[in-house]
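As the structure is a prediction and not an experimental result, all values here were calculated from the model. By convention here, the first residue in the shown sequence is residue 1.
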Amino acid sequence: MRSLIAPVAALLLLTAGCAPARSGTLGPAPVAPTTRTPPAATAPRTPSPAASPGRPTPTPPAAPASTAAPGPGDTVTVQLWFTRAGRLVPTRRTLPATPATSRLALTELAAGPTLAETAAGMTSLVPPGVQVSRIADRIATLVPPTSFDTGGASAARLRRAQVVWTLTQFPTVRRVAFASTDTAPADRADYADLLPPIVVTGPAVGDRVSSPITVTGTANVFEATVSVRVLDSAGREIGTAFTIATCGSGCRGDYRVAVRYRRAAPGPGTIEVYEVSAQDGSRINSVAVPVVLAASG
């Protein structure tokens, strides 16, 4: 009997990780929510960050979405896809709401990462001047500047991927067409190979978090097993957890896990999401997300 336990357990783990969604997933395309500030609220509107890599990290979203039309004091949260080490990496912004949300997202892509995001290795290849000329039949047609495709084929493709992955978060956009080319409109699947093995969609760089921290994203890792640890400002491990993504070992699946941490003073910390190597047990494909930890007993 004892000799059968290990093979059966391994089979169950593989089944849980991949069988329900063998074709995998690119993760849900988030709908940019609009948050309405109550009329009596005294908090000022969140200012739009300046187009500079050194601007402070914007305040993360904290209120539920509303379907009401944007009004004075309303904010909108958009997901931005920057690059790191030649791959796509997400972050987000909460900004004053506007009907032209796609234009807002493109402006933020061109503005580039915050100081904290830059320190985490993020950058943007999208230049100013990219405009959406029309959106029809869920296809956004873009008019990029003449310099849009400079820098070589790899850089141009990564730049286009940033735009496609950012614009297709909106329900009105499923594909993106570039007016400067005669290629077919592209969707997220056309650039899925530019995703790293592990993508962290939450928390974002600079977020203020408290225990337990909900960590979300997508992954294509061995046996779909995603591990997480929390580090304090001194790099000490103060919390760990793991979960099984909806797919893995050759297909991308969604994951979501809550991780508690202990004995932390308020201040800087790091969420590290990684895969445990099947060869030597080391941490591989790690993604480090700098955050601000709330105090924990």
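Across Arg174 and Asp187, no two heavy atoms sit closer than the pair O-CB, 3.5 Å. The two residues Ser124 and Gly112 have their closest heavy-atom pair at CB-CA, 4.2 Å. The minimum heavy-atom distance linking Leu104 with Pro96 is given by the pair CD2-O, 4.2 Å. Summarising the geometry of Gly202 relative to Arg92, their closest heavy-atom pair is CA-NH1, 4.4 Å, with the distance given to 0.1 Å. Nearest heavy-atom pair, Phe170 versus Ser102, reported as atom, atom and distance to 0.1 Å: CE1-CA, 3.9 Å. The shortest non-hydrogen separation linking Ala241 to Ala258 is CB-O, 3.9 Å.
Ile238 and Leu231 end up in different hydrophobic clusters when Ile, Leu, Val, Met, Phe, Trp and Tyr side chains are linked at under 4.5 Å.
Listed by first and then second residue, the salt bridge (charged side-chain N to carboxylate O under 4.0 Å, His left out) pairs that reach into residues 193-202 are Arg157-Asp193, sequence neighbours excluded. Residue pairs meeting the side-chain hydrogen bond (donor to acceptor under 3.5 Å, both in side chains) criterion with at least one partner in residues 234-243, sequence neighbours excluded, are Arg229-Glu237, Asp232-Arg236.
Within the cation-pi definition used here (under 6.0 Å to the ring centroid, within 45° of the axis), Arg160 does not qualify as a partner of Tyr191.
Going from atom CG of Leu88 over to atom CG of Leu158 covers 5.5 Å, rounded to the nearest 0.5 Å. The line from CH2 of Trp81 to CG of Leu167 is 13.5 Å long, rounded to the nearest 0.5 Å. Here the straight-line distance linking atom CG of Leu293 with atom CD1 of Ile213 works out to 6.0 Å at 0.5 Å rounding. Put simply, OG1 on Thr83 and CG on Leu194 are 10.0 Å apart, with the number rounded to the nearest 0.5 Å. Arg252 contributes atom CZ, which lies 10.5 Å from atom OG1 of Thr246 (distance to the nearest 0.5 angstrom). With rounding to the nearest 0.5 angstrom, the CZ atom of Arg103 is 7.5 Å from the OG1 atom of Thr98.
In this structure, Tyr274 belongs to a hydrophobic cluster whose other members, linked by side-chain heavy atoms under 4.5 Å apart, are Val276.
Residues meeting the side chain to side chain contact (heavy atoms under 4.5 Å, CB included) test with Pro290, sequence neighbours left out: Ala120, Val205.
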Would you mind writing out the side-chain donor-acceptor pairs for residues 278-289 within the sub-3.5 Å range, not counting sequence neighbours?
{"from": "Asp280", "atom 1": "OD1", "to": "Ser277", "atom 2": "OG", "distance (Å)": "3.1"}
{"from": "Asp280", "atom 1": "OD1", "to": "Ser282", "atom 2": "N", "distance (Å)": "3.0"}
{"from": "Asp280", "atom 1": "OD1", "to": "Ser282", "atom 2": "OG", "distance (Å)": "2.7"}
{"from": "Asn285", "atom 1": "ND2", "to": "Glu275", "atom 2": "OE1", "distance (Å)": "2.7"}
{"from": "Ser286", "atom 1": "OG", "to": "Glu272", "atom 2": "OE2", "distance (Å)": "3.2"}

Taking distance alone, no hydrogens or angles, what donor-acceptor pairs closer than 3.5 Å link side-chain atoms of residues 127-140 to residues at least two apart or in another chain?
{"from": "Ser133", "atom 1": "OG", "to": "Thr141", "atom 2": "O", "distance (Å)": "3.2"}
{"from": "Arg138", "atom 1": "NE", "to": "Pro171", "atom 2": "O", "distance (Å)": "3.4"}

* To do: Take Glu223 and Ser249 through the test side chain to side chain donor-acceptor pair (under 3.5 Å) and record every step on the way to the result.
  => CA-CA 5 Å; Glu223 292 187 341; Ser249 295; over 6 Å; no

* Carefully, step by step, assess Thr75 and Thr94 under the rule side chain to side chain donor-acceptor pair (under 3.5 Å). => CA-CA 6 Å; Thr75 59; Thr94 298; 5.9 Å; no

